[in-house]
Amino acid sequence: MGRTREAGCVAAGVVIGAGACYCVYRLTWGRDESGKIWNDDNDDEEEESSDIAETGKGAKANAGAGPGARVQGDSKAKAEVGVELKSGPDVKAEAHLKAQSGGGLEAKAKALFSILKEQASARAGRGARLSTISGTRMLAPGLPCPGIRGGGCHPVRNGARAGGRASSKSKGRTRGKSTRTPTTTTSWSVRRGKFNFPYKIDDVLGTNDLQKVLNILERSNDPFTQEVALVTLGNNAAYSFNQNAIRELGGLPIIAKLIKTKDPIIREKAYNALNNLSVNAENQGKIKTYIIQVCDDTMICRLDSAVQMAGLRLLTNMTVTNHYQHLLSYSFPDLFALLFLGNYFTKVQIMKLIINFTENPAMTRELVSCKVPSELISLFNKEWDREILLNILTLFENINDNIKNEGLASSRKEFSRSSLFFLFKESGVCVKKIKALANHSDLVVKVKVLKVLTKL
């Protein structure tokens, strides 16, 4: 419609211009020519003027006379108009006027008007054709859809090429309005690689589908594919029925194999999947084989990283019961060092892990005999929020109770001055810090402090 409207405006402009040219011609050069050519009587001139006036009105009211139009008068002039359309940058019109007598000025004017009309019609027809061609588009057969990773649409025009400048403009606009279909693949953000995963990461899968995901994970070496498969398995492992299914399908060794990879993102996703699976007691019996490797990697990986947090969460779940705590007793000094060095979230997670050990009296001697940094006492400051204070108070309470219950107070000579036993029991610094928290603004913290102090 845009090209048609533009052609119509051009035609209207041409008509108005032709009328203006005709008026100028009649007022200047045409008046002199009339005196030379026509020497008839006044009656003939009046009749001729009336004919010309009627012809001019008809030309403005309607599209006017076509090629070969005849004008009544003494001159009896004839105009033959030939319009030739050529392909190229512009549409050209060539007019050949042949006057059969010497005085056909009115006929020349009407013939010129007809030529301009034909030229405007030709331009309008070309504009409509180009608009139709550029507006119709389709995808080339056999090309991938843009919704598929790695694909792209290649537009082709459904029809003949338009030549010249009009064709190039139409081509440019066609490329600018490239049609794109919405993505049909999963909304999982692409880290790297190109792969169409058969499931969404939050789909709850059945046994057959879980087997397919495990097969993909086992056979693929692409990090992106491994990442998506691990996230899918980890999300499904949040459901108890799938925890058993993944174990029965042999998925635990397949997932655990990826904790040896150097890619920290893959290790993190593997830890998260094993963490969800470790809620099941039978799965813990399988995961215990890898717990030492997880612990070692957690201690040496980048401080406060996502993979370190994922490893700490897995270790916390594995130490909820007393069955596998002894496997991690060698890591106590590293855990306390990490407790001092880590950020807020690392501190909270490590204290949850250590609290699991303090709830097992059999682990007390090994726990209190390990070396700890003296700066650990700073965790009893009132500047910390409720969660940090409640965790450190619980840790102190459990250790103090275990020392009494195990009779370790009489064996103080066994522990060095840098041990946790000396820091919590002998130095007296912790007791002073705890008493200073008795006036804490948080009521929950205040109640916890009073409970600890009554046990001293």
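Because the structure is a prediction, the values reported are computed rather than measured.
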When you measure from the side chain of [X] to the backbone of [Y], do you find a donor-acceptor pair of N or O atoms at a distance under 3.5 Å?
X	Y	value
Glu227	Asp222	no
Lys404	Lys455	yes
Asn280	Asn283	yes
Asn402	Pro361	no
Asp203	Tyr199	no

Mind checking whether [X] and [Y] have side chains closer than 4.5 Å, heavy atoms only?
X	Y	value
Val372	Phe340	no
Ser331	Leu335	yes
Asp263	Leu258	no
Asn272	Arg313	yes
His440	Val449	no
Arg302	Gln308	no
Val204	Phe241	yes
Cys295	Leu328	yes

How about [X]: does its [atom1] atom have over 12 heavy atoms from other parts shown lying under 6.0 Å from it?
X	atom1	result
Tyr344	OH	yes
Tyr330	OH	yes
Lys257	NZ	yes
Lys435	NZ	no
Lys288	NZ	no

If we ignore angles and hydrogens, is there a donor and acceptor under 3.5 Å between the side chains of [X] and [Y]?
X	Y	result
Thr346	Asp304	yes
Thr316	Gln349	yes
Asn244	Glu248	no
Glu366	Ser329	yes
Asp202	Asn235	no
Asn391	Lys352	no
Asn381	Lys433	yes

Charged N-O contact under 4.0 Å between Lys448 and Glu397: yes
Salt bridge Arg365-Glu406, side-chain N to carboxylate O under 4.0 Å: no
Can you tell me how far apart [atom1] ([X]) and [atom2] ([Y]) are? Round to the nearest 0.5 Å.
X	Y	atom1	atom2	result
Leu312	Tyr271	CG	OH	10.0 Å
Lys425	Leu456	NZ	CG	7.0 Å
Leu390	Ile392	CG	CD1	11.0 Å
Asp296	Asp334	CG	CG	8.5 Å

Residue from Thr358, Asn360, Asn356 passing side chain to side chain donor-acceptor pair (under 3.5 Å) with Asn398: Thr358
Close aromatic pair by centroid cut-off 6.0 Å: Phe424 and Phe396: yes
Output field: ring centroids Phe197/Phe224 closer than 6.0 Å: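 They do not qualify: ring centres at least 6.0 Å apart.
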